[in-house]
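Right, one structure below, let's go through it.
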Amino acid sequence: LNKGTAFSEAEREAFDLHGLLPPNILTLDEQVSRRLEALRGYETDIERYAFLRELQDTNETLFYALLVSNLEELLPIVYTPTHRIDRIFAHPRFDHVEAIVVTDGERILGLGDQGAGGMGIPIGKLALYTGCGGL
């Protein structure tokens, strides 16, 4: 129900949105482009994560449009904003991996270790499931 600045003039009139939105009308694609430019302007992944979390809280339509159209770039930020996965897996200790553990997703491992700030994990998982699976 939230299209941000994509509400047409007629919709703004019908829903009494004048004064509640910026006056410019932008398509969803234009909004995605602007948000992506803003996101890329941040210096750290944790800043990008905070930006995306705020966007998800304020405009889910735009958040998911941005996520789905830039999934490869945004997946590591949405899911693990401070994970340096390339550097971690480049360590020699992983050269002789013999087994990989796969989960069916019935449980979020390690959530108890995250304490009160651990909600980022299930929120990130839900965002990715929604974006990737179209739920």
*asked:* I77 vs I46, test: side-chain contact (heavy atoms from CB on, under 4.5 Å). Steps then yes/no.
replied: CA-CA 8 Å; I77 296 168; I46 198 69; over 6 Å; no
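Within the structure, salt bridge (Lys or Arg N to Asp or Glu O under 4.0 Å) pairs that include any residue of residues 52-70 comprise R53-D57 (at least two apart or interchain). Residues in residues 62-76 take part in these salt bridge (Lys or Arg N to Asp or Glu O under 4.0 Å) pairs, two or more places apart or across chains: R40-E73. Here side chain to side chain donor-acceptor pair (under 3.5 Å) pairs that include residues 10-21, with residues two or more places apart or in two chains, are K3-E11, S8-E11, E9-H18, E13-H18.
Distance check: L67 CG to T130 OG1 gives 9.0 Å after rounding to the nearest 0.5 Å.
The shortest distance between side-chain heavy atoms of L39 and N70 does not fall below 4.5 Å.
In this structure, F15 has no ring-ring contact (aromatic ring centres under 6.0 Å, His included) partners at least two apart in sequence or on a different chain. Under the side chain to side chain contact (heavy atoms under 4.5 Å, CB included) criterion, E30 pairs with L26, T27, not counting sequence neighbours. Under the rule for a side chain to side chain contact (heavy atoms under 4.5 Å, CB included), the partners of A38 that lie at least two apart in sequence or sit in another chain are R35, F51.
Contact detail for Q56 and Y64: the closest heavy-atom pair is NE2-OH, 3.3 Å. When all heavy atoms are compared, the tightest approach of V68 to G131 is CG2-O, 3.4 Å. The two residues Y49 and V78 have their closest heavy-atom pair at CE1-O, 3.7 Å. Closest approach of T5 to N24, counting heavy atoms only: CB-O, 3.6 Å. Contact detail for S69 and V32: the closest heavy-atom pair is OG-CG1, 3.6 Å. Nearest heavy-atom pair, L66 versus L52, reported as atom, atom and distance to 0.1 Å: CD2-CD2, 3.7 Å.
Judged by distance alone, with hydrogens and angles left aside, the side-chain atoms of E37 form no donor-acceptor pair with the main-chain N or O of S33 at under 3.5 Å.
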